[in-house]
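Worksheet: the structure to be examined is printed underneath.
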Protein chains: 2
Amino acid sequence: MTSTASPVETETASQRARRARIISATLALASRGGFEAVQMREVAERSEVALGTLYRYFPSKIHLLVSAMGSEVERLSGRLQKRQAPGGTRAERVSFVLERSTRSLQRDPLLTEAMVRAMMAADASVAREVSAIRQGMSDLIVQAMRDGGEPQENDVEIAAILQDVWFARQIAWLGGRIEAADVWRDIHQAIVLVVHD
Amino acid sequence: MTSTASPVETETASQRARRARIISATLALASRGGFEAVQMREVAERSEVALGTLYRYFPSKIHLLVSAMGSEVERLSGRLQKRQAPGGTRAERVSFVLERSTRSLQRDPLLTEAMVRAMMAADASVAREVSAIRQGMSDLIVQAMRDGGEPQENDVEIAAILQDVWFARQIAWLGGRIEAADVWRDIHQAIVLVVHD
DNA sequence: CCAGAAACAGGAACGTGTTCTAGTATGACA
DNA sequence: TGTCATACTAGAACACGTTCCTGTTTCTGG
């Protein structure tokens with residue numbers, strides 16, 4: 001139920017390695033064939049782990065993919081936080097960060113499909129992980145807005161709205177309702193309408 | 001693939017009845033047990049239809065639930081469009097409409113869970129139905145904004161943002177990340193930040 | 001009314017996520 | 001070092017969405 005909650009972080013080296021192999025296999029499969037290509041038996045086989053062990057580490061396919069997304073977001077976030085977002089206005093800086101994020105994900109559409117789909121399918125048992133990911137993205141957006149300027153009252157709420165739009169547009173794209181190019185157009189439109197200086 | 005596209009609307013009375021029975025059984029099951037309780041065999045049995053026939057009418061569980069949502073939204077929309085939304089400002093009128101919609105759905109949480117989950121899981125083969133539902137909700141919001149006032153340039157885009165937030169907050173609630181009461185609080189917050197007079 | 005086509009019933013069968021079982025290996029501790 | 005709990009392997013088994021097959025009913029054109 002709690003998954004990453006209380007296990008007190010006591011993991012042997014071989015366990016850490018196993019976990020890494022699993023995530024790695026997951027990313028590879030997702031990247032090649034999207035959500036449906038991430039099949040638990042296949043993940044287990046590729047990471048040289050028994051199916052039951054895979055389920056011990058990640059209690060469901062959704063957990064697995066959300067964790068994969070976590071590691072990807074962490075990577076991206078680390079890269080983006082290295083330096084202050086460029087741009088003279090709050091909207092410009094937010095645009096910079098979100099466009100980079102969007103482009104970064106769209107570079108691997110199938111992987112994105114797998115991860116976003118998992119985020120949307122997440123139920124209460126993955127709430128913690130999903131919240132952590134949203135928190136990370138929120139921090140990124142808020143920081144971009146504030147960089148070089150003074151904080152404003154509704155920064156956090158605005159970041160939440162942008163993130164909602166961001167995910168919803170990804171879903172619309174995955175659901176074949178809008179084109180890949182429209183994703184960024186819509187998100188940018190939302191930034192313009194929501195972020196004020 | 002096209003499902004409701006070209007069949008030229010030539011449906012026997014008994015076919016219309018079958019379709020109605022299926023939707024009705026779906027709503028009943030969803031209402032009682034949510035997404036997972038809507039099992040295709042059970043739906044078929046309750047609507048007195050063979051499994052293969054169910055699949056002839058609705059090519060997947062997602063199609064089925066999205067159609068169910070369509071009929072619910074149509075019902076709600078008809079009720080709301082009967083009279084002009086009250087309120088002196090654009091934000092107030094939009095709040096009225098969206099609060100009614102939110103409350104209406106939250107009155108039956110399991111049904112909502114089933115329908116929203118299906119909307120999010122929809123792939124390209126249900127794009128048409130999903131778009132129709134979004135269009136209906138968008139019309140509702142835009143109309144509320146404009147009622148009694150003059151149209152503004154970004155009405156449609158603002159309605160899209162609100163709808164994205166609306167769905168995303170439902171997902172957050174279903175995913176156990178926020179409480180039911182917070183759903184409306186967050187949506188209202190977004191209205192305040194996004195809708196200007 | 002008849003012949004063929006389309007729709008339907010009933011149910012087996014398949015795929016994939018998930019769970020369970022039995023046996024083996026590993027690590028902690030006396 | 002021996003013992004015991006925990007982790008792991010291998011694979012069977014189960015659940016539900018989906019597909020497919022066979023035979024029957026209903027509809028439609030002539």
Side-chain angles (χ1 to χ4, degrees), chain A residues 1 3 6-22 25-26 29-30 32-68 114 117-118 120-126, chain B residues 1 3 6-22 25-26 29-30 32-68 114 117-118 120-126:
Chain A
M1 293 296 173
S3 73
S6 30
V8 206
E9 299 294 347
T10 323
E11 245 183 357
T12 40
S14 75
Q15 284 173 326
R16 246 190 314 281
R18 247 186 282 260
R19 187 177 295 273
R21 284 206 310 278
I22 293 172
T26 301
L29 285 168
R32 183 178 330 280
F35 186 87
E36 70 169 14
V38 179
Q39 305 194 350
M40 300 304 269
R41 291 172 179 82
E42 184 74 14
V43 171
E45 191 172 340
R46 294 214 182 189
S47 39
E48 292 177 299
V49 142
L51 189 54
T53 304
L54 172 53
Y55 272 92
R56 170 189 295 274
Y57 281 77
F58 301 95
S60 77
K61 176 171 174 174
I62 300 299
H63 278 81
L64 177 56
L65 281 167
V66 168
S67 296
R117 214 170 263 297
M120 292 299 137
D123 69 351
S125 72
V126 249
Chain B
M1 293 298 170
S3 75
S6 30
V8 206
E9 299 294 346
T10 323
E11 243 183 0
T12 317
S14 74
Q15 284 174 324
R16 247 191 312 282
R18 247 186 281 261
R19 187 177 295 272
R21 283 206 309 278
I22 293 172
T26 301
L29 286 169
R32 182 176 331 279
F35 187 86
E36 71 169 12
V38 180
Q39 304 195 351
M40 300 305 269
R41 290 174 179 84
E42 184 74 14
V43 172
E45 191 172 340
R46 294 215 181 190
S47 39
E48 292 176 301
V49 142
L51 190 55
T53 304
L54 172 55
Y55 272 93
R56 172 188 295 276
Y57 281 77
F58 301 95
S60 77
K61 176 171 174 174
I62 300 299
H63 279 82
L64 178 56
L65 281 167
V66 168
S67 296
R117 215 170 263 296
M120 292 299 136
D123 68 350
S125 73
V126 251

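In this structure, A:Glu45 does not pair ionically with A:Arg41, as no charged nitrogen and carboxylate oxygen lie closer than 4.0 Å.
Taking atom CD1 of residue B:Ile22 and atom C1' of nucleotide C:dA7, one finds them 13 Å apart after rounding to whole Å. Here D:dC16 presents its C1' atom at 14 Å from CG of B:Leu64, a figure rounded to the nearest Å. As a whole-Å value, the separation of B:Arg56 CZ from C:dA6 P is 10 Å. Straight-line distance from the CG atom of A:Leu54 to the P atom of D:dA10: 14 Å, rounded to whole Å. Rounded to an integer number of Å, the gap from OH of A:Tyr57 to P of C:dT19 is 18 Å. In this structure, A:Leu29 places its CG atom 13 Å from P of C:dT16, rounding to the nearest Å. In this structure, A:Phe58 places its CZ atom 15 Å from P of D:dA7, rounding to the nearest Å.
When the side-chain nitrogen and oxygen atoms of A:Gln15 are compared with OP1 and OP2 of C:dT26, none of them lie within a distance under 4.0 Å. An OP1 or OP2 oxygen of D:dT9 is reached within less than 4.0 angstrom by a side-chain nitrogen or oxygen of A:Thr53. B:Tyr55 has no side-chain polar atom (N or O) that falls below the 4.0 Å cut-off from OP1 or OP2 of C:dC8.
In the region residues 35-47 of chain B, proximity to DNA chain D at under 4.0 angstrom, judged on heavy atoms, holds for B:Val38, B:Gln39, B:Met40, B:Arg41.
The line from CG of B:Leu54 to CD of B:Glu42 is 11.5 Å long, rounded to the nearest 0.5 Å.
Side-chain proximity of B:Leu51 to D:dC8, D:dT18, D:dA12: nearest is D:dT18. The side chain of A:Ser60 lies closest to C:dT18 when the candidates are C:dT18, D:dC8, C:dA9. Across D:dT9, C:dG17, D:dT19, the shortest atom-to-atom separation from the side chain of A:Lys61 is found for C:dG17.
Summary of the strand contacts: B:Gly52 and A:Val49 both lie near DNA chain D, and taking for each the nucleotide with the nearest heavy atom, the more 5' one is attributed to A:Val49. In terms of position on DNA chain C, the residue among B:Glu48 and A:Ile62 whose nearest nucleotide sits closer to the 5' end is B:Glu48.
Side-chain atoms of B:Thr26 come within 3.5 Å of backbone N or O of B:Ile22 as a donor-acceptor pair. Listed for the A:Arg32 side chain is no donor-acceptor partner under 3.5 Å among the backbone atoms of A:Ala37.
Geometrically, A:Lys61 does not engage A:Tyr55 in a cation-pi contact, judged by NZ or CZ lying under 6.0 Å from the ring centre and within 45° of the ring axis.
A:Leu64 places none of its side-chain heavy atoms less than 4.5 Å from the side chain of A:Ser60. Under the 4.5 Å side-chain criterion, counting only non-hydrogen atoms from C-beta, A:Arg19 is in contact with A:Phe58.
Residue contacts for B:Ser14: at a heavy-atom cut-off of 4.0 Å it reaches no nucleic acid atom on any strand shown.
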